[in-house]
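This report concerns only the one structure given below.
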Amino acid sequence: MQSLLLRSLMVLAALALPILSSPGHGRAQVLGPDPYFPSQAATLEALTLLPAPPQPGTANQAANVQLLNIVSSTATPQMVAAAQWDANPSVFDFSQVLGPNFSAEKLPVTNTFFNKVIINIENTNINLDKLYHSQGPVSPDSYPSAHTLLGFVDGVILADMVPEKKDQLLTYGVQFGLNRLILGAHWPTDVTAGQMEAALLLPALYASPQFQSDFAQAKTEVRAQLGLK
């Protein structure tokens, strides 16, 4: 109990400090006020649930390297091209499932809603990245994977809006994380941690009355644009 309390106090102190940018990392600063849930509280909860990332020189990190090499070296050109589609992730990448009418230009309410979702979950992820400070294959502060988190969260929310395509949307959302392995951009443990983080943050989103209100408006807009009743 004492060690957990000490750890929590250390984390709170770190979160109180300005998050400074570092070379090669574009998401160093939090993105703005949290729209739906307090990201600092979510960060503390995540730290109690997520395992620490493997350290260099350990057997677990060697397994990370081996698995990433297998995935990236066996990926076909078609798989690499598909993975590059969401290299700069957006909820509107899901137009691959929902069609060309699913776009920011045609869905302004939905665009605003998902931007708010991104701010809230990214704020939590930025906190975790900086606290873990785990070097990835490409960039520092790689754990948990933000791509994985965004794809998973967006996929679940969209599946709730368009249950007619639930399976395709959830599969596509999970693929965001797998694509990071195909491109050699994240360790497998970064991707797993991103999935675990998504499972933690989704209930926090849905528990927010403001989220529920914004979700209902976006859902109405999406279904109307897609010609769904």
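The distance from the CD1 atom of Ile118 to the CG atom of Leu150 is 6.0 Å, given to the nearest 0.5 Å. Annotation: the span from Leu68 atom CG to Thr189 atom OG1 amounts to 9.5 Å, rounded to 0.5 Å. Of the inter-residue distances, the one linking Lys165 atom NZ with Leu228 atom CG reads 8.0 Å to the nearest 0.5 angstrom. Rounding to the nearest 0.5 Å places CZ of Arg223 at 8.0 Å from CG of Leu226. To the nearest 0.5 Å, atoms CZ (Phe215) and OG1 (Thr220) are separated by 9.0 Å. Annotation: the span from Glu122 atom CD to Leu201 atom CG amounts to 10.5 Å, rounded to 0.5 Å.
Nearest heavy atoms, Val117 versus Val153: CG1-CG1, 3.9 Å. Considering all non-hydrogen atoms of both residues, Ile119 and Gly32 come closest at CG2-O, 4.0 Å. Scanning both residues, Val222 and Met161, for their nearest heavy atoms gives CG2-SD, 4.1 Å. The nearest pair of heavy atoms linking Leu149 to Ile121 is CD2-O, 3.7 Å. Considering every non-hydrogen atom in both Thr148 and Gly177, the closest pair reads OG1-CA, 3.2 Å. Summarising the geometry of Pro144 relative to Leu128, their closest heavy-atom pair is CD-CB, 3.8 Å, with the distance given to 0.1 Å.
Clustering ILVMFWY residues whenever any of their side-chain heavy atoms sit less than 4.5 angstrom apart, transitively, puts Val91 in the very cluster that holds Leu31. Connection of Leu183 to Tyr143 is not established within any shared hydrophobic cluster, with ILVMFWY side chains joined at heavy-atom distances below 4.5 Å, either directly or through further cluster members. Val138 and Met79 fall into different hydrophobic clusters, where Ile, Leu, Val, Met, Phe, Trp and Tyr are joined by side-chain heavy atoms under 4.5 Å apart, directly or via other members. The hydrophobic clustering, which links ILVMFWY residues whose side-chain heavy atoms are closer than 4.5 Å, places Val191 and Trp85 apart. Linking ILVMFWY residues whenever their side-chain heavy atoms come closer than 4.5 Å, directly or via other members, leaves Val109 and Leu158 in distinct clusters.
The local environment of CD in Gln212 is crowded, with over 12 non-hydrogen atoms from other residues, nucleotides or ligands closer than 6.0 Å.
Centroid-to-centroid, the aromatic rings of Phe92 and Phe102 come within less than 6.0 Å. Residues Phe211 and Tyr206 bring their aromatic ring centres within 6.0 Å.
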Would you please test Phe176 and Phe94 for ring-ring contact (aromatic ring centres under 6.0 Å, His included) and show each step? CA-CA 10 Å; Phe176 274 64; Phe94 284 84; 5.4 Å; yes
Could you walk me through whether Asn69 and Val65 pass side chain to side chain contact (heavy atoms under 4.5 Å, CB included), step by step? CA-CA 6 Å; Asn69 286 340; Val65 174; 3.5 Å; yes
Does the pair Asn179 and His147 meet the rule for a side chain to side chain contact (heavy atoms under 4.5 Å, CB included), with working shown? CA-CA 9 Å; Asn179 286 345; His147 274 74; over 6 Å; no
Under the side chain to side chain donor-acceptor pair (under 3.5 Å) criterion, do Asn127 and Asn123 qualify, and how do the steps go? CA-CA 6 Å; Asn127 288 337; Asn123 282 350; over 6 Å; no
Carefully, step by step, assess Thr76 and Val80 under the rule side chain to side chain contact (heavy atoms under 4.5 Å, CB included). CA-CA 6 Å; Thr76 66; Val80 172; over 6 Å; no
Could you go through Leu170 and Phe152, starting from their C-alpha distance and side-chain angles, then the distance that decides it, and tell me whether this counts as side chain to side chain contact (heavy atoms under 4.5 Å, CB included)? CA-CA 7 Å; Leu170 292 177; Phe152 202 109; over 6 Å; no
Test log, rule salt bridge (charged side-chain N to carboxylate O under 4.0 Å, His left out), inputs Arg180 and Asp190: CA-CA 9 Å; Arg180 305 313 287 161; Asp190 298 341; over 6 Å; no
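A donor-acceptor pair under 3.5 Å is absent between the side-chain atoms of Trp187 and the main chain of Leu181, judged by distance alone. For Asn120 (side chain) and Phe37 (main-chain N/O), a donor-acceptor pair under 3.5 Å exists by modelled atom type. Although no hydrogens or angles enter the test, the distance criterion places a donor-acceptor pair under 3.5 Å between the side chain of Glu221 and the main chain of Thr110. No side-chain donor-acceptor contact under 3.5 Å links Asp93 to the backbone of Pro89. Distance alone, capped at 3.5 Å, places no donor-acceptor pair between the His186 side chain and the Gly136 backbone. Between the Ser208 side chain and the Ala204 main chain, no donor and acceptor come within less than 3.5 Å of each other. Within the 3.5 Å criterion, the main-chain N or O of Pro209 finds no donor-acceptor partner in the side chain of Ser213. Between the Asp154 side chain and the Gly173 main chain, no donor and acceptor come within less than 3.5 Å of each other.
Between Thr48 and Leu44 the shortest side-chain heavy-atom distance does not fall below 4.5 Å. Residues Thr43 and Leu47 have side chains in contact (heavy-atom distance under 4.5 Å, counting atoms from C-beta outward).
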Could you go through residues 49-62 and list every donor-acceptor pair under 3.5 Å that involves a side-chain atom there, pairing it with any protein atom two or more places apart or in another chain?
residue : atom : partner : partner atom : Å
Gln55   : NE2  : Pro53   : O            : 3.3
Thr58   : OG1  : Gln55   : O            : 2.7
Thr58   : OG1  : Gln61   : N            : 3.2
Gln61   : OE1  : Asn64   : ND2          : 3.0

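A salt bridge links Lys130 to Asp141: one of the charged nitrogens lies within less than 4.0 Å of a carboxylate oxygen. Between Lys229 and Glu164 no salt bridge is recorded (no basic side-chain N to carboxylate O distance below 4.0 Å).
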